Novice: 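Submitted below is the structure of interest, expressed as structure tokens.
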There are 2 protein chains.
Amino acid sequence: MTVSGLRERKKQRTRDTLVRVALELFTGKGYERTTVDEIAAAVDVSQRTFFRYFASKEEVAFAVQQMVEERFYEALVERPAEEAPFDAMRNAVLSAWDTIGEAIEAVVPVELHLRMFQVIESTPALLAVHLRRATEMEERIARLIAEREGLDVDADPRPRVAVAAFSGVMRVTGQLWGRGTELTVCAMRDLTETYLDHLGPALASEWRD
Amino acid sequence: MTVSGLRERKKQRTRDTLVRVALELFTGKGYERTTVDEIAAAVDVSQRTFFRYFASKEEVAFAVQQMVEERFYEALVERPAEEAPFDAMRNAVLSAWDTIGEAIEAVVPVELHLRMFQVIESTPALLAVHLRRATEMEERIARLIAEREGLDVDADPRPRVAVAAFSGVMRVTGQLWGRGTELTVCAMRDLTETYLDHLGPALASEWRD
DNA sequence: CAGGCTAATGACAGCCACTGACAATTGACA
DNA sequence: TGTCAATTGTCAGTGGCTGTCATTAGCCTG
């Protein structure tokens with residue numbers, strides 16, 4: 001995991017500091033009103049160095065998010081083969097939510113990450129990037145699902161369609177959570193569960209109970 | 001529709017020319033390799049004037065797309081009330097596809113718009129904006145669906161969930177179409193139809209036939 | 001049709017994200 | 001310790017975008 005060598009450790013420390021400071025500034029005074037120069041100055045590195053760690057100002061905003069997504073993917077890989085595709089995805093998110101906390105805390109306070117999520121949802125430029133990243137993850141998941149079921153992603157529409165529907169719901173819950181007032185991991189988890197359970201009924205031809 | 005007055009007509013003409021020239025440059029040499037200065041110079045206006053017509057370089061890329069989306073929304077408004085929500089959306093896209101051609105041609109050649117769509121799908125910065133715009137439209141649609149069914153969007157999850165699933169599928173078809181070789185409105189229409197029909201089966205718990 | 005009003009434009013200066021190039025520094029390792 | 005390579009800082013430059021102000025050009029009234 002951790003590589004020995006002063007050089008590597010120093011680099012990791014600089015990176016982590018950049019992420020933490022950036023998130024503090026973004027959540028504190030807003031993404032757009034924070035300049036890269038400010039972040040670099042606060043960490044005491046040159047602006048050029050910032051761009052050697054992160055390809056763009058946006059990228060640093062998603063550093064923690066990245067970890068969380070990887071966690072979900074791994075959870076999905078580990079779902080038993082007998083679970084139906086949609087159930088596997090559903091269970092993977094829910095179980096990932098339960099163990100994500102510590103992983104985040106290793107880099108930044110969980111509360112900071114949650115507030116950053118809100119900033120992402122409410123900042124047009126970041127929201128756009130967030131959605132694009134989500135589609136990249138979708139493609140990975142679709143391939144994984146297809147593999148699980150022994151199908152060809154490009155021949156059978158079902159893997160991509162199932163994933164698209166699933167992550168569409170995930171996106172809606174993310175939005176609603178961001179707008180709401182219960183900014184806890186727990187609230188997020190419950191909202192996710194509720195909305196996923198409504199997907200079947202929502203596609204039914206008759207909505208009247 | 002059209003406002004008399006030399007001033008208004010001149011403005012409309014400048015705007016249309018900016019859109020057409022921009023799309024030609026974007027599709028010809030790529031979005032990133034085209035500068036705003038180039039577009040402005042080609043239309044013989046100052047860069048400052050370009051930014052008085054479009055808030056950003058991205059915005060001009062979506063000018064035609066905007067029209068198409070509005071067309072779909074109107075088609076949805078006109079669906080009969082007895083159609084189930086999901087069917088209404090499905091029929092609205094399909095019927096919109098049939099009449100969109102002429103509307104586009106009024107501004108730019110349809111072929112140019114189709115190639116621009118491909119550029120959007122394959123340019124990360126544009127894809128991100130495209131997805132964000134899509135979610136804004138989703139919100140509008142969810143409200144419309146809720147109204148149709150006499151529901152409260154914020155109380156009942158089904159409108160947003162149904163729309164999310166629907167537009168997730170639409171997004172996938174858009175991607176696949178862009179990657180494919182059949183760059184015609186017709187191919188797009190058929191692909192859309194096929195994939196929408198697979199949504200039900202994709203959510204089923206058993207994929208084996 | 002003269003002259004005043006206002007919308008539209010151009011010219012200019014400046015901010016910020018980002019990049020290439022080169023020199024200076026600093027771990028790593030023989 | 002000295003050499004090598006990775007990391008960093010500096011600087012100059014590009015491109016997207018904005019504020020400001022003077023100029024131009026359609027419009028409208030008398």
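Note that the coordinates shown come from a computational prediction; the quantities given were computed from them, not determined experimentally. Just so we're on the same page: letters track the sequence lines, and every chain starts at 1.
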Novice: Determine which pairs satisfy salt bridge (Lys or Arg N to Asp or Glu O under 4.0 Å) with at least one residue from residues 160-174 of chain B, sequence neighbours left out, and list them in order.
Specialist: A:Glu138-B:Arg171, B:Glu139-B:Arg160, B:Asp154-B:Arg160

Novice: Distance-only criterion, 3.5 Å: show the donor-acceptor pairs between side-chain atoms of residues 122-130 of chain B and protein atoms not counting sequence neighbours.
Specialist:
unit_1	atom_1	unit_2	atom_2	d
B:Ser122	OG	B:Gln118	O	2.9
B:Ser122	OG	B:Val119	O	3.3
B:Thr123	OG1	B:Val119	O	2.7

Novice: Under the ring-ring contact (aromatic ring centres under 6.0 Å, His included) rule, what pairs show up with a residue in residues 4-52 of chain B, not counting sequence neighbours?
Specialist: B:Phe26-B:Tyr31, B:Phe50-B:Phe54

Novice: Going by number, which of residues 43-54 of chain A have a non-hydrogen atom under 4.0 Å from DNA chain C?
Specialist: A:Gln47, A:Arg48, A:Phe51, A:Arg52

Novice: Mind checking what makes salt bridge (charged side-chain N to carboxylate O under 4.0 Å, His left out) contact with B:Asp98, not counting sequence neighbours?
Specialist: B:Arg189

Novice: How would you list all residue pairs meeting ring-ring contact (aromatic ring centres under 6.0 Å, His included) that involve residues 154-189 of chain B, not counting sequence neighbours?
Specialist: B:Phe86-B:Phe166, B:Phe117-B:Trp177

Novice: With sequence neighbours left out, which residue pairs that include part of residues 29-41 of chain B fulfil the salt bridge (Lys or Arg N to Asp or Glu O under 4.0 Å) condition?
Specialist: B:Lys29-B:Glu38

Novice: Ignoring backbone atoms, test whether A:Lys57 places a side-chain nitrogen or oxygen under 4.0 Å from the OP1 or OP2 oxygen of C:dC18.
Specialist: no

Novice: Axis-to-axis angle across the helix from C:dC1-D:dG30 to C:dA30-D:dT1, five pairs an end, to 10 degrees?
Specialist: 10°

Novice: Kindly give the atom pairs (protein nitrogen or oxygen, nucleotide nitrogen or oxygen) under 3.5 Å for nucleotides 26-30 of chain C.
Specialist:
unit_1	atom_1	unit_2	atom_2	d
C:dT26	O2	A:Arg7	NH2	3.4
C:dG27	OP1	A:Lys10	NZ	2.8
C:dG27	O3'	A:Arg7	N	3.2
C:dG27	N3	A:Arg7	NH2	3.2
C:dA28	OP1	A:Leu6	N	2.8
C:dA28	OP1	A:Arg7	N	3.2

Novice: Could you name each residue pair satisfying salt bridge (Lys or Arg N to Asp or Glu O under 4.0 Å) that touches residues 111-120 of chain B, not counting sequence neighbours?
Specialist: B:Glu111-B:Arg115

Novice: Inspect the contact between A:Arg140 and A:Glu136 and indicate whether a charged nitrogen and a carboxylate oxygen are less than 4.0 angstrom apart.
Specialist: no

Novice: Using a cut-off of strictly less than 4.0 Å between a heavy atom of the residue and any atom of DNA chain D, enumerate the qualifying residues of residues 13-38 of chain A by number.
Specialist: none

Novice: Chain A on DNA chain D: first and last contacting nucleotide, 5' to 3', under 4.0 Å to a heavy atom?
Specialist: D:dA5 to D:dT10

